[in-house]
Q: 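The structure under discussion is supplied below as C-alpha cells; questions concerning it will follow.
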Amino acid sequence: MKLNPQKLIRAAAKARLNSVSPYSKFKVGAALLTKAGEIISGANVESASYGLTCCAERIALFKALTDGKKNFIATAVVARCDGGPMPCGACRQLLREYAPDAQVFVADSDDLKSVKAFTVRDLLPSAFVIVP
Ligand code: THU
C-alpha cells in the first residue's frame, strides 16, 4: 500500500466539516489508513456535559475498530490551528494500543500542504500496557 499523506490529510479535512463542536467551535477531523488501503474518518463530537466530548482521533479509531478494520499504517489529524493539532494524551494512548506502528500526520486546515509527521511511539513513549 503506497502511503499518500496528502490524500489522508484531505480525508481528515473533509471529515472535519462534520465536527459536532457547538461549545468549543474547534473542529477537528481525523482519518486512518489501513494496510489494505481503506480510509476511515471521523470528527470530534461534544456534549453539554463537556467531559463526555470525544476527540476526532478516537471517533475515527472506534469507527474503524468496530467495523472490523485493523492494521493501521497511518493517521491524519486536521484542525484550524497553527502547525496542526497534536493528538491529546488520551488519543495517544488509544493509538498506541490499536495503531502502534502508524505514522501520524498533522496539518492546519488553512495550510494542508504543510504536514508534520510523527510516529505513535514518538508521541507516547513508555505507554501504559497490560500484558495479558
Ligand atoms: N480535540 C480533538 O478532537 N482532538 C484532540 O487531539 C484534542 C482536542 C477536540 C475535543 C474538543 O471537541 C475540542 O477539540 C476542543 O478541545
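Throughout, residue positions are numbered sequentially from 1 according to the sequence presented. Order of listing sets the numbers, starting from 1, for every ligand and every atom in it.
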Q: Using distance alone, decide if ligand 1 has a nitrogen or oxygen within less than 3.5 Å of any nitrogen or oxygen in E57.
A: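 Yes, there is a polar N/O contact under 3.5 Å.
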Q: Using a 4.0 Å cut-off to any heavy atom of S24, which atoms of ligand 1 qualify?
A: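 So the atoms of ligand 1 that pass are 13 (C), 15 (C).
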Q: Considering only protein heavy atoms, which is closest to atom 3 (O) of ligand 1, and at what distance to one decimal place?
A: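 I find the closest protein heavy atom is A56 N, 2.9 Å.
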Q: Got the closest protein heavy atom to atom 11 (C) of ligand 1, with its distance?
A: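 Going atom by atom, the protein heavy atom closest to atom 11 (C) of ligand 1 ends up being E46 OE2, 3.2 Å.
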Q: Any side-chain heavy atom of I40 within less than 4.5 Å of one from D67?
A: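 No, too far: nothing below the 4.5 Å cut-off.
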Q: Among all protein heavy atoms, pick out the one at the shortest distance from atom 14 (O) of ligand 1; state its residue, atom name and that distance to 0.1 Å.
A: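 For this ligand atom, the closest protein heavy atom is F26 CD2, 3.4 Å.
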Q: Please indicate whether Y98 has more than 12 foreign heavy atoms, meaning atoms of other residues, nucleotides or ligands, lying under 6.0 Å from its OH.
A: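 Counting other residues, nucleotides and ligands, OH of Y98 stays at 12 neighbours or fewer.
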Q: Looking only at heavy atoms of S21, does any of them come nearer than 4.0 Å to an atom of ligand 1?
A: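 The answer is no: ligand 1 sits nowhere under 4.0 Å from a heavy atom of S21.
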Q: For C88, is at least one N or O under 3.5 Å away from an N or O on ligand 1?
A: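 It does: an N or O of C88 is found under 3.5 Å from an N or O of ligand 1.
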Q: Considering only protein heavy atoms, determine whether one is less than 4.0 Å from atom 16 (O) of ligand 1.
A: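 So far as the 4.0 Å threshold goes, atom 16 (O) of ligand 1 is out of reach of every protein heavy atom.
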Q: Under 3.5 Å, is there a donor on one side chain and an acceptor on the other for S24 and E46?
A: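 Result is yes, a qualifying pair exists.
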Q: Enumerate the atoms of ligand 1 whose separation from the nearest heavy atom of M86 is less than 4.0 angstrom.
A: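 Reading through ligand 1 atom by atom, the close ones are 6 (O).
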Q: Taking the non-hydrogen atoms of P85, is any one of them nearer than 4.0 angstrom to ligand 1?
A: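 Checking ligand 1 against P85, which is what was asked, there is no heavy-atom contact under 4.0 Å.
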Q: Could you tell me whether the side chain of C88 reaches within less than 4.5 Å of the side chain of R58, counting heavy atoms only?
A: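 Yes, at least one pair of side-chain atoms sits under 4.5 Å.
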Q: Tell me, which protein residue and heavy-atom name are nearest atom 10 (C) of ligand 1, and how many Å apart are they?
A: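 Going atom by atom, the protein heavy atom closest to atom 10 (C) of ligand 1 ends up being T53 CG2, 3.8 Å.
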Q: For A30, is there any backbone N or O sitting under 3.5 Å from a side-chain donor or acceptor partner on S41?
A: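 Side chain of S41 to backbone of A30, a donor-acceptor pair under 3.5 Å: no, none is there.
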Q: Checking side chain to side chain donor-acceptor pair (under 3.5 Å) against D108, which of K116, K113, R80 comes through?
A: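 For D108, the side chain to side chain donor-acceptor pair (under 3.5 Å) test succeeds with only one of K116, K113, R80, which is R80.
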Q: Which ligand 1 atoms, with their elements, are less than 4.0 angstrom from a heavy-atom of P87?
A: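 Answer for ligand 1: 6 (O).
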Q: If you measure every N or O of C55 against every N or O of ligand 1, does any of those distances drop under 3.5 Å?
A: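 No, since none of the N or O atoms of C55 sits under 3.5 Å from an N or O of ligand 1.
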Q: Can an N or O of N44 be found at a distance shorter than 3.5 Å from an N or O of ligand 1?
A: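 Checking ligand 1 against N44, an N or O pair does fall under 3.5 Å apart.
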Q: Side chains of M86 and R92: does their closest heavy-atom pair fall under 4.5 Å?
A: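 The answer is yes, as the side chains (C-beta and beyond) meet within the 4.5 Å cut-off.
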Q: Heavy-atom distance under 4.5 Å between the side chains of F105 and L33, does that happen here?
A: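 Not touching, per the 4.5 Å side-chain cut-off.
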Q: Within the 4.5 Å heavy-atom criterion, are D101 and R121 side-chain neighbours or not?
A: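 Yes, their side chains come closer than 4.5 Å.
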